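Right, one structure below, let's go through it.
Computed from a predicted model, the values in this text were never measured in an experiment. The basis for the numbers below is simple: all heavy atoms, side chains too, and nothing from hydrogens, waters or symmetry mates. When a ligand or atom number is given, it counts from 1 through the structure's own listing order.
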Amino acid sequence: MMTDINKIEFVDLKAQYYSQKGTIDCAIQKVLDHGRFIMGPEVGELEAALSVFTGAKHAIGCSSGTDALLLIMMAENIGPGDAVFVPSFTFTATAEVPLLLGATPVFVDVNPNDFNICTIDLEKKINSVKAEGVLTPRGILATDIFGLPANYDSIHAIATSYQMIVWGDCAQSFGASMGGKQVGSLCRASATSFFPAKPFGCYGDGGAVFTDDDDLAEAMTSIRAHGKGGEKYDIVRVGINARLDTIQAAILLAKLPLFQNEIQRRNAVADIYDSRLRDHVKIPRRFKGRSSVWAQYTIKLPPRIRDKMFVELNKEGIPTAIYYPKPMHLQTAYAGFGKGQGSLPNSEELSQQVLSLPIHPYLTDSEVNRVSDSILDKLNVL
Ligand SMILES: *Cc1c(COP(=O)(O)O)cnc(C)c1O
């Protein structure tokens, strides 16, 4: 048995904190001292910094990635009778938010090579919704799974031809870019999450929305604070409480200067995995013009080997994860909106094959090599 010292962290939040302890402690202390815990000055400062970072005209902090999606959907007046097209191979929030508003998620298959929404299947699904004539196809909620932007060029082309809107669920991809543009500036509106384990995380729940559209920004800012208008007790629309905590904003501000280096290190870790594993397992594909922030480094293995690999690596102190073991169209809560087993074959197959390896900016080369060595060893015996 390995001792604890040899345990590799799947995501190492402590290493990150201790590398910046002074700055982060100081930022938190400053909030404790000024006492403006709700919508304190750090929230606005962070929003300004995020707007510069992404190139989006408006960046609006909020309470989580899920609430970020909700703010977008509420501001767009998504509701009963609307079809929102979502990939099935995603985190539950992508499907949950349209449903909370009474809209219908239409599950679309993904590509086996980038794990993101398949534009061929997307067009098929839009056409079948139109042919049925019951729902109005309103928009496409694309997801940048594992940190790699979806194929927005093709998605936008489809959206334009069907007069639909494109939104981005960029919870995993904040910091990535496509065609030289940062995530957050690739769609009419994008949502991200600052959940601690995401590439840019705070120390609790947090999120943000991004848009260039002034009206949408105004609506989302209002909905974030109970639908208020100019005055606090002037309620002009139905809203929610989805504000970002001042302390979380302060932590994110303190961490932002590190983020570019962290992204670089994530890429360096991915490069080592690539070179060690490419001849032996299916490694993540790279795409010209699209950079990833490597929220996950996800390999594909034959299903029987995948499950054993997960168990065997764990025994050696190497944690791995299965994102996602069940696609959304097969989830109990959403099954009524899908067409069952066999209907989205790529999503179903991926859920049996994927294995995400430890990846974070504080992994050493020797740790990455140790994970790689262990995988290669196991492949010989499984
Ligand atoms: C994490 C995540 C969310 C939700 O973010 P929270 O901050 O946890 O609410 C939404 N979509 C995707 C794809 C995610 O990975």
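- The part of Ala93 lying near ligand 1 is the side chain, judged by heavy-atom distances below 4.0 Å.
- Residue-ligand proximity, Ser193 to ligand 1, at heavy-atom distances under 4.0 Å covers atoms 5 (O), 6 (P), 7 (O).
- Stacking of Lys198 on the aromatic ring of Phe91 is recorded, both the 6.0 Å distance cut-off and the 45° axial limit being met.
- Residue contacts with ligand 1, taken as heavy atom pairs separated by less than 4.0 Å, involve Thr66 via backbone and side-chain atoms alike.
- Shown in contact with Gln172 at under 4.0 Å from a heavy atom are these atoms of ligand 1, numbered in order with element: 13 (C), 14 (C), 15 (O).
- Judged purely by atom type and a 3.5 angstrom limit, Arg138 has no side-chain atom pairing as donor or acceptor with the backbone of Phe85.
- Near Ala171, meaning under 4.0 Å from any of its heavy atoms, are these atoms of ligand 1: 2 (C), 3 (C), 10 (C), 11 (N), 12 (C), 14 (C), 15 (O).
- In this structure, of Asp169, Leu69, Leu141, Asp144, the residue bringing a heavy atom nearest to atom 13 (C) of ligand 1 is Asp169.
- With no hydrogens or angles considered, no side-chain donor-acceptor pair links Tyr18 and Asp12 at under 3.5 Å.
- If you check the side chains of Gln341 and His329, you find no donor sitting under 3.5 Å from an acceptor.
- Atom numbering of ligand 1 starts at 1 in the shown order; those under 4.0 Å from a heavy atom of Thr143 are 13 (C).
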Inset, instruction - For side chain to side chain donor-acceptor pair (under 3.5 Å), just list the numbers for Ser222 and Arg237, CA-CA rounded to whole Å, side-chain angles, deciding distance to a tenth of an Å, and then say yes or no. - result: CA-CA 8 Å; Ser222 164; Arg237 52 166 72 74; 2.7 Å; yes
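- Separation of the Phe53 and Phe259 ring centroids falls under the 6.0 Å cut-off.
- Remark: ligand 1 atoms within the under-4.0 Å shell around heavy atoms of Gly65 are 5 (O), 6 (P), 7 (O), 9 (O).
- A side-chain donor-acceptor contact under 3.5 Å links Glu42 and His34.
- Of all atoms in ligand 1, numbered sequentially from 1 with element shown, those under 4.0 Å from a heavy atom of Ser64 are 7 (O), 9 (O).
- The shortest N or O to N or O distance between Thr90 and ligand 1 is not under 3.5 Å.
- Taking the centre of each ring, Phe194 and Phe200 come in below the 6.0 Å mark.
- Looking only at protein heavy atoms, the nearest one to atom 14 (C) of ligand 1 is Lys198 NZ, 2.9 Å.
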